[in-house]
Amino acid sequence: MTQPRGSEALRLHRQLTAIWGTGPGLARLAAVNHSVIGKRFMATAAIFFAIGGLLGMLIRTQLASSQSPFMEEGVYAQVFTMHGTIMMFLFAIPMLEGLAIYLLPKLLGARDLAFPRLTAYGYWCYLFGGTIIIAALALGVAPDSGWFMYTPLSSRVFSPGINADVWLLGITFVEISALSAAIEILVSILKLRAPGMSLDRMPIFAWYMLVTAGMMLVGFPPLILGSILLELERAFDLPFFDPARGGDPLLWQHLFWLFGHPEVYIIFLPAAGAISTFLPVFAGRPLAGYQAVVVALIAMGFLSLGLWVHHMYLVGIPHLALSFFSAASALVAIPTAVQIFAWFATLSHGRPRFSLPMLYFFGFLFIFVIGGLTGVMVAMVPFDIQAHDSHFVVAHLHYVLVGGFVFPILGAAYYWVPHITGRMAVNHLAKPAFWMIFVGFNVTFFIMHLTGLRGMPRRAHLYPAEPGLEIFNFVSSVGSFIMAIGFGLVLLDFALHFRFGQAFRRNPWRAQTLEWAMPTPPPAYAFASLPHVEARADTLRPDDVGAELAAGRGYLGFVREGRMETLAVEAIGGGVEQVVELPRPSYLPLITALGTGVFFLAMLFKVYWIASIAPLLIVALFLRWTVGRGRQGDTGPEPIGRGISVPSHFESRNAPSIWATLFALIANATLVASLAFGGLFLWISAPGWPPPDMPRPDLVSSLAVLAVLAIGGVAALGGVSAGAAGRTAPLALTAAMHAASAGFFAWSAVSIADPTAHAAAATVFVALCYAALHAMIGFVFACYGLWRVSAGWVSPARLLDLRIGLLVHLYAFAAGVITLSFWWLLAELGAPGGEA
Amino acid sequence: MFPAVLLVAPVLLAGCAGDASALDPAGPGARAIARLWWVMFFAAIVLFALVMGLFALVMLKPSVGARLPAGRWILWGGLVMPAPVLMALLLVSLVQGEHLLAREGEGDPLRVEAHARQWQWEFHYVGAEGGPVTVGVLHMPVDRPVDIVTVSADVIHSLWVPALGGKIDAVPGHRNHVRLVADRTGTFGGLCAEYCGTGHTTMRFEVKVHEAGAFLDLLERDFAE
């Protein structure tokens, strides 16, 4: 490790390492540091990529000849389902999360992310969920209905085994990490930046991740809801997707693709963000058209949420409705083109030099442009009639995803692995490896467009022994082996790099972003002191800045009472606002993830008594996280260096945890909005409506519970100031109203005669359970507030616990009102004569 | 490079022929889509060459591109170039789509119900005397539209006849419609495009297109039995 001279810098380094470092041996399991967790995410994702790649090779081996006996159809179904599932959920998403987790604090000038323990918890959920899925593959009971799990094929009738449950529960387990990462990334970008870094000075990668995390926040809840509903149908026979009982298989498709299309851009944008970060370095000038790129990103974010139906052109939707989605799909080409031409402008106005990351940029451009062009083709309804579900689409999606993600990420790896290791690449194998991947990829997938138009459907393990199909498929298989050898060489190349790479001093690429303003490999605390940013954060001088910061001449260039401190700023302007005290390394994330795993395993093996106790265990564990966090006395503004003092986040009105609560509730609201959409969709689209026997709400009890919810809301609003003054009565009233509301909704849910009779009853049942669950969560938060007030953690200055509680209370009461209204609406629509 | 292309091209073109090929159309719908494909294909080659050419230019001779201000690059490449292409394409496919996806029942079609189940296709000739049914074979007359309504008895299937340009999902609980028109007689391959379980690969059928008279004979004579 390189160190600036000077005993002061060295002393600071030792002090900071002592409190920020991850312990040796078993203490590694307690790691919460973003560098450690980020690397774990990326390494784990790389292993899953290798497994998914091997499955891809098995597919190409099977298809190398037309009547191959290599795999029988049941095995083949598991292999192609797992190939897609692993690549999407266990490789691409976690890889981009890992990259963001590792890089963001360093790019933004912070010492860590806003919620280090949450990062660690997300990682363990990812690891355990992924392990469950891989274990199922090893045991031969992997999911086998295709990676988008269309029902009724994935229903209990047609998939009676555990296979589909592995997918639904395992993926939902993994998605905890996606949602926690989304919240983590949003809050960290908006709050944990270096002072002076206003939004328009952010490094462009942070903009990409801000949009990506926003899409994840609203993209994943529909999938999670869909998985919950399908698992409820499989486990408890609630008929959301069964057309014989008022359900509709198309509801699954809508929920899945409501997630599934944003997913493509969720994968692409971080990769493009990596390009927008390293390409300017090799162009020798900052990114051109920064503002245009930001606008393009935001446009992509919004457009991507409005084109999911282009996966569903052939399910029987009227053509004019399809045309709307067709136009939206084609229009996405415009913000994409804006980015590509911003890169061209950057290169042409700079002094471009070729290097390995740029070679991968070339590979990306070549492949992704073809994928984009075929994307416009399949967005056209008439052409999609032929291309849909054929190998043309297989070719297209690989061009988009491998071109748009794998190539940029490999470029990013060659660019940033030196940051992780402190060594430069060896570079003997890198170029042959690139060319083998590039040529192998194109040989595999270019001809596959024709294979598809030639009449080859997806997911068939045999095909007619006609010369055309046989030659095309054989060529694809040969190409795939070339590509696989290329990936093997990349692996070897990185192994050589780790072993023999030459150490460098600082900033080997002459980059202008903050992640290079630190020693490499990076110390656990990232920055010995925090910078003040006065220019766009991709036009800085890391060498000078790094020396200054290491010497402790920035903010927080000291250790205060052994605390892990970093700074938070005003979300937009970037003015320094508060000192954030981060939690120490802890085994709790691991233990809580294990507890969460107990719940998912109990669901998987249908041990429902354990599954109903496990949530209590999980809540107890999460409550354990809060013990000792906070202050029992007011400290007032604390000096942060440079003559400035700001309050600690415990005394701030804008603490990161307030933002996180808000984002969590937005994700939650998206989930319940998806449920409401589902109910109304079934009313419009599903056969068998109106239901023969609709459970109806009772007017008197509805009015009574409305009063309960209103009183609860008013009490919650008064609870914060009362709690500040040490009075607990309003909070106690809030808790009581939550209890009453939970009782009402739970009682309403169980008094539905037969929720399995019809999808209408099942939908109402789930909505009522949702309201009851949130009332219980509100109750827990109210009790927690009562405890915090009485134990002295709250004062007029330290209101964080109560203000987070207030958001949860208001959400829970609003959820009650919405559930009640939804029930009334559905009961009216579902009444005889309420036919759509 | 060029000799290689010349060698490969005939192989590719020969490989595109076949009784279940979208590029070897046997009806007006499939022919229109194939034409759309070739137009898009060659336009895509031009656009691809343009983008890669510009990339080569900015890498090798950045000074040429530097004459254009960065904002202009983004405006011309990001907006002016793609927007008209996309608009024209959307308009063409909207018109073509409206034409292809004709309303059910327009223009005296033959009516057929395709019943999909794991893993076979059953075709019911609606309105024909005796309610004839064929399994694994769809008989249809040449030059007369055939309106197929798909229903499914179990999971989602998708009826696809590449040579006639038709594909539509068979979704349990729904009745979907597709129109097929053949303008030459012969036998064409049909298959299930949506994964429907372990028998998916084998869920194929044949489309036999007959002269109008022969088709009527078939309906009256053979099916009635």
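Just so we're on the same page: letters track the sequence lines, and every chain starts at 1. In this text, all values refer to a predicted model and were calculated from it rather than measured experimentally.
Neither the backbone nor the side chain of A/Gln78 comes within less than 4.5 Å of any heavy atom of chain B. For B/Met52, the part lying under 4.5 angstrom from a heavy atom of chain A is the side chain only. There is no contact between A/His449 and chain B, counting heavy-atom distances below 4.5 Å. With a 4.5 angstrom heavy-atom cutoff, A/Tyr313 does not touch chain B via any of its atoms. Neither the backbone nor the side chain of A/Tyr76 comes within contact range of chain B, judged by heavy atoms closer than 4.5 Å. Residue B/Leu68 touches chain A through its backbone alone, counting heavy-atom pairs closer than 4.5 Å. When heavy atoms are compared at a cutoff of 4.5 Å, B/Asp154 approaches chain A by way of both its backbone and its side chain. Neither the backbone nor the side chain of A/Phe241 has a heavy atom closer than 4.5 Å to any heavy atom of chain B. Contacts of B/Arg72 with chain A are absent, with no heavy-atom separation under 4.5 Å from either backbone or side chain. Within the 4.5 angstrom heavy-atom criterion, only side-chain atoms of B/Leu100, from C-beta onward, approach chain A. Only the side chain of B/Leu86 comes within contact range of chain A, judged by heavy atoms closer than 4.5 Å. Contacts between A/Phe362 and chain B at a heavy-atom distance below 4.5 Å involve backbone atoms as well as side-chain atoms. Neither the backbone nor the side chain of B/Met203 has a heavy atom closer than 4.5 Å to any heavy atom of chain A. Looking at B/Leu191, the atoms closer than 4.5 Å to chain A (heavy atoms on both sides) all sit in the side chain, from C-beta outward. Using a 4.5 Å cut-off between heavy atoms, B/Leu36 touches chain A through its side chain atoms alone. Using a 4.5 Å cut-off between heavy atoms, B/Val171 contacts chain A through its side chain alone, with no backbone atom that close.
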field: Worked verdict on B/Ile33 versus A/Met380 for side chain to side chain contact (heavy atoms under 4.5 Å, CB included)
entry: CA-CA 10 Å; B/Ile33 296 174; A/Met380 298 301 128; over 6 Å; no

task: Report the C-alpha distance between B/Gln96 and A/Val381 in whole Å, list the side-chain angles of each, state the deciding distance to 0.1 Å, and finish with yes or no for side chain to side chain contact (heavy atoms under 4.5 Å, CB included).
output: CA-CA 9 Å; B/Gln96 197 181 41; A/Val381 178; over 6 Å; no

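A 4.5 Å side-chain heavy-atom check between B/Phe55 and A/Trp343 finds every atom pair outside the cut-off. Two residues are said to be in side-chain contact when any heavy atoms from C-beta on lie closer than 4.5 Å; B/Leu23 and A/Arg454 fail this criterion. Considering only heavy atoms from C-beta on, B/Cys196 stays 4.5 Å or farther from A/Phe158 through its side chain. No side-chain heavy atom of A/Arg351 sits less than 4.5 Å from a side-chain heavy atom of B/Ser63. Inter-residue side-chain proximity for A/Ser348 and B/Trp73 is flagged as met; some heavy-atom pair is nearer than 4.5 Å. Counting only heavy atoms from C-beta outward, the side chains of B/Met40 and A/Val376 never approach each other to under 4.5 Å. Side-chain contact between A/Asp384 and B/Lys167 is absent, with no heavy atoms from C-beta onward closer than 4.5 Å. The shortest distance between side-chain heavy atoms of B/Trp37 and A/Gln386 does not fall below 4.5 Å.
Aromatic pair B/Tyr195/A/Tyr150: centroids not less than 6.0 angstrom apart. Between A/Phe366 and B/Phe48, the distance separating the two ring centers is shorter than 6.0 angstrom.
With rounding to the nearest 0.5 Å, the separation of CG in A/Leu453 from CG in B/Asp24 is 12.5 Å. Atom CD of residue B/Glu98 and atom CG of residue A/Leu320 lie 4.5 Å apart, to the nearest 0.5 angstrom. Here the CG-CG distance, from A/Leu314 to B/Leu159, works out to 11.0 Å after rounding to the nearest 0.5 Å. With rounding to the nearest 0.5 Å, the separation of NE2 in B/His200 from CZ in A/Arg459 is 8.0 Å. Here A/Phe341 contributes atom CZ and B/Trp76 contributes atom CH2; the two are 12.0 Å apart, rounded to the nearest 0.5 Å. In this structure, CD1 on B/Ile45 lies 10.0 Å from CG on A/Leu373, to the nearest 0.5 angstrom.
Side-chain atoms of B/Asn176 come within 3.5 Å of backbone N or O of A/Val315 as a donor-acceptor pair. In this structure a side-chain-to-backbone donor-acceptor pair under 3.5 Å is missing from A/Glu73 to B/Thr201.
Note: B/Pro69 leads B/Pro69, B/Ala163, B/Ala43 in heavy-atom pairs under 4.5 Å with chain A. Top candidate by heavy-atom pairs under 4.5 Å with chain A, chosen from B/Ala30, B/Pro82, B/Ala44, is B/Ala44. Across B/Gly173, B/Ala66, B/Gly65, the residue that shares the most heavy-atom pairs under 4.5 angstrom with chain A is B/Ala66. The choice from B/Val64, B/Leu94, B/Thr202 that makes the most heavy-atom pairs within less than 4.5 Å of chain A is B/Leu94.
The shortest non-hydrogen separation linking B/Ile156 to A/Pro249 is CD1-CB, 4.2 Å. Here the shortest heavy-atom pairing between A/Pro464 and B/Arg204 reads CD-NH2, 3.4 Å. For A/Gly350 against B/Pro62, the heavy-atom pair with the smallest separation is O-CB, 4.0 Å. The two residues B/Ser93 and A/Pro382 come nearest to each other via the heavy atoms O-CG, 3.4 Å.
With B/Ile74 as the partner, the side-chain contact (heavy atoms from CB on, under 4.5 Å) test is satisfied by one option alone out of A/Val293, A/Ile340, A/Val338: A/Val338.
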